[in-house]
Structures are given as structure tokens and as C-alpha cells.
> 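Before anything else, here's the structure in question.
Since the structure is predicted, the reported quantities are computational estimates derived from the model, not experimental observations. Residue numbers begin at 1 in each chain, while the letters A, B, ... track the order of the sequences.
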There are 2 protein chains.
Amino acid sequence: MVEHNNENLDLIFHALADATRREMIRLLSEKEKTVSEMAKPFDMSLAAASKHIKVLEKARLIQRTVEGRTHTCRINAETLALASQWLSVYEKFWSKRFDLMESEILKAKKKEH
Amino acid sequence: MVEHNNENLDLIFHALADATRREMIRLLSEKEKTVSEMAKPFDMSLAAASKHIKVLEKARLIQRTVEGRTHTCRINAETLALASQWLSVYEKFWSKRFDLMESEILKAKKKEH
DNA sequence: TTAATATTCAACCATTTGGTTGACTATAGA
DNA sequence: TCTATAGTCAACCAAATGGTTGAATATTAA
């Protein structure tokens, strides 16, 4: 069974609950980036972006390596997987409906003939 | 392509970022429940639980029907699916591990029989 | 050594959050 | 009709959030 640590999930989902941070993740999914590079697309101070990055880091959604004065961030997909796993427990609820829908469509098609 | 509405995702992930609300979703996944039934397991006032329910409702993670004085809540899995879909974009980053997990689940299920 | 660059830190601020309590509304049952 | 039950609402509070600015730190380049 997958362990669903509550504190971790709090941090992860909270980090994902902000459009800026979700976009940062998207950016990192293309390529690793420095703090300044991550901040550039957003209409806010570097300090504000730095705070967002810290939130993502605390949730372990991203990781940082420091080389000299530049901090490079990369995505940490294992943590995204944790969120996904929590949600997957409920997948049956929407796949069920999907199956139902499919069988309804089949029935409808049979009636056509 | 899946539409990822930012405001919706803000509400959805924010709603999921609280252990009480995640547990409420788990409870509803077993069976639909009234507001009082949902509040009972938690060490907080009914008013506090009612607020949590409203957060879940606003995010459309649950739906409510009112009959007389009792409000019945049920899970709205389509919205959970939206969160899942956002995450699935990054699935490729962990797909190796995901495959492993799937095979573990399969093994576990076989053991059950 | 001096200046520029990359980034964080600290203090501040308005807003949101998650809880409380007490009053209120509406329905159901005696 | 009177009372209990189901639930919300409003006011309040402390803590957290998301932003700002200005100063501090550390590294690199001139």
C-alpha cells in the first residue's frame, strides 16, 4: 500500500494551489532553471519568486543545487507522484462513470439497429 | 487536450491541502453523508466542519442536496479527475516508478485471493 | 580592491485561513 | 404549539499567505 503522509500531502497540495507555482513546475518540466530564470516570466519581485521557490522546495516538488552564487532548480517528480497516488485511490469513481457511460452508448447504438 | 483552468485548480488543490478535508473526501468515497455525519469524526465545532464542507463544495469536489433540514453530501469525482489530469502531464517523469507501483498493486491483489 | 551579479533575509502589510462562540433559520416530531 | 434537531451566519481571533522594499551575503569579474 502507498503511504499517504498527511503533512507531506498538506505541503504538496498547498504548493500546487497557486498558479505561479504550478507554472514554475511546468517551466522546470521543460528544463532545469536558475532562480532568476524562474522568476523572470512573472510580474513580481525576485524576492517574491524566491519565496514561491522555497514553498515548492519545502514540499519537495523541486530540488535545488547551489554552484557558486547560482541556484539551479529541477523538478522532483517523485513528489508529484505522491499527489497523483493519493488521487488515484478515487480513480474508480470517475472510471466507473466512464464505464457506465460507455455501456449506455453501446445500448443506444444497439437500439439504432 | 485537457483544459486546465487556473482558478479551478487553485480551488481544487487548496481544498485538498488540508487533512480534514482530504479525510472528508475519503469518508464520502465510502458513502454519501449528511453535514453532521461528516463533522462527527473531527475534533472541531459543527460550524468549523461546515466551513470545510463549503470549501470542498466551492471547489466542486463534493455536491450537496438539501432535503428538509438535512444536507446530504456526495463526492464529485469529475473534479478529482481534473486534479489528476493536471498531474498526469508530468507522469512521464515518474512513469518508471509508476510501473513498478502498478505491478506491486497487482501482486498484492493476487495475494488477496 | 572594487563593482556587478545572484540570491536571501528581515520587516512590514493586507488578505485569507481555520478555528471559536452565540445567535439565527428552518424543518420535524411530540 | 412547543421543542428538539440540522445547519448556517456573523463576529471575532491568531496564524499563515503572498506580496512589497531595502539591506545583507556571497560569488564572480574587472
> Kindly point out which of D/dA6, C/dA6, C/dG18 is positioned nearest to the side chain of A/Arg69?
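Between D/dA6, C/dA6, C/dG18, the one nearest the side chain of A/Arg69 would be C/dA6.
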> A/Thr20 near the nucleic acid: base, sugar-phosphate alone, or nothing, with a heavy-atom cut-off under 4.0 Å?
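Answer is nothing: A/Thr20 stays at 4.0 Å or more from every strand.
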> Pick from B/Glu30, B/Glu32, B/Glu37: which one makes a salt bridge (Lys or Arg N to Asp or Glu O under 4.0 Å) with B/Arg74?
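Only one option passes, and that is B/Glu32.
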> Send over the distance from B/Asp18 CG to C/dG19 P, rounded to a whole Å.
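From B/Asp18 CG to C/dG19 P: 6 Å.
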> Does B/His71 place a side-chain N or O at less than 4.0 Å from the phosphate oxygens OP1/OP2 of D/dT8?
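It does, given that an N or O in the side chain of B/His71 lies less than 4.0 Å from OP1 or OP2 of D/dT8.
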> Could you state the atom-to-atom distance from CG of B/Asp10 to C1' of C/dT17 in whole Å?
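Answer to the nearest Å: 15 Å.
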> Closest nucleotide of DNA chain D for A/Gly68 versus for A/Val55: which of these residues is on the 5' side?
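Looking at the nearest nucleotide for each, A/Val55 comes out on the 5' side.
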> Whole Å only: how far is the CE atom of B/Met44 from the P atom of C/dT20?
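Whole-Å distance recorded here is 7 Å.
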> Does a salt bridge link B/Glu23 with B/Arg26, judged by any charged N lying under 4.0 Å from a carboxylate O?
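Looking at B/Arg26 together with B/Glu23, the answer is yes, because their closest N to O distance falls below 4.0 Å.
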> Between A/Leu46 and B/His14, just flag the one whose closest nucleotide in DNA chain C comes earlier from the 5' side.
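Result: A/Leu46.
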> Atom CZ of A/Phe13 and atom P of D/dT17: how far apart are they, to the nearest Å?
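Rounded to the whole Å, the gap is 17 Å.
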> Could you tell me the separation between the CE atom of B/Met24 and the P atom of C/dG18, rounded to a whole number of Å?
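To the nearest whole Å, that distance equals 12 Å.
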> Minimum heavy-atom separation for B/Arg21 to B/His14, with atom names?
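That closest heavy-atom pairing would be NH2-O, 3.2 Å.
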> Between C/dG18, C/dT8, D/dT20, which nucleotide gets closest to the side-chain atoms of A/Lys54?
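Looking only at side-chain atoms, A/Lys54 lies closest to C/dT8.
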> Please determine, for the side chain of A/Ser45, which listed nucleotide (D/dT21, D/dG19, C/dA4) has the closest atom?
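When the side chain of A/Ser45 is considered, D/dT21 is the closest of D/dT21, D/dG19, C/dA4.
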> Please say whether more than 12 non-hydrogen atoms of neighbouring residues, nucleotides or ligands are located less than 6.0 Å from CZ in A/Arg64.
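Check passes, neighbour count above 12.
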> What orientation do A/Phe13 and B/Phe13 show, parallel under 30°, tilted 30 to 60°, or perpendicular over 60°?
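Answer is parallel, since the angle falls under 30°.
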> Rounded to the nearest angstrom, tell me the gap between atom NE2 in B/His52 and atom C1' in C/dT17.
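That distance rounds to 9 Å.
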> Which nucleotide wins on minimum distance to the side chain of A/Arg21, given the candidates C/dG19, D/dG18, D/dT8?
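Out of C/dG19, D/dG18, D/dT8, the nucleotide with an atom closest to A/Arg21's side chain is D/dG18.
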> OP1 or OP2 of C/dT8 sitting under 4.0 Å from any side-chain N/O of A/Lys51?
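For A/Lys51, the contact criterion (side-chain N or O under 4.0 Å from OP1 or OP2 of C/dT8) is not met.
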> Would you kindly give the CG-to-C1' distance between B/Leu11 and C/dT16, to the nearest whole Å?
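Those two atoms, CG and C1', are 13 Å apart.
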> The side chain of B/Ala47 is closest to which nucleotide in this list: D/dA4, C/dA11, C/dT20?
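Looking only at side-chain atoms, B/Ala47 lies closest to C/dT20.
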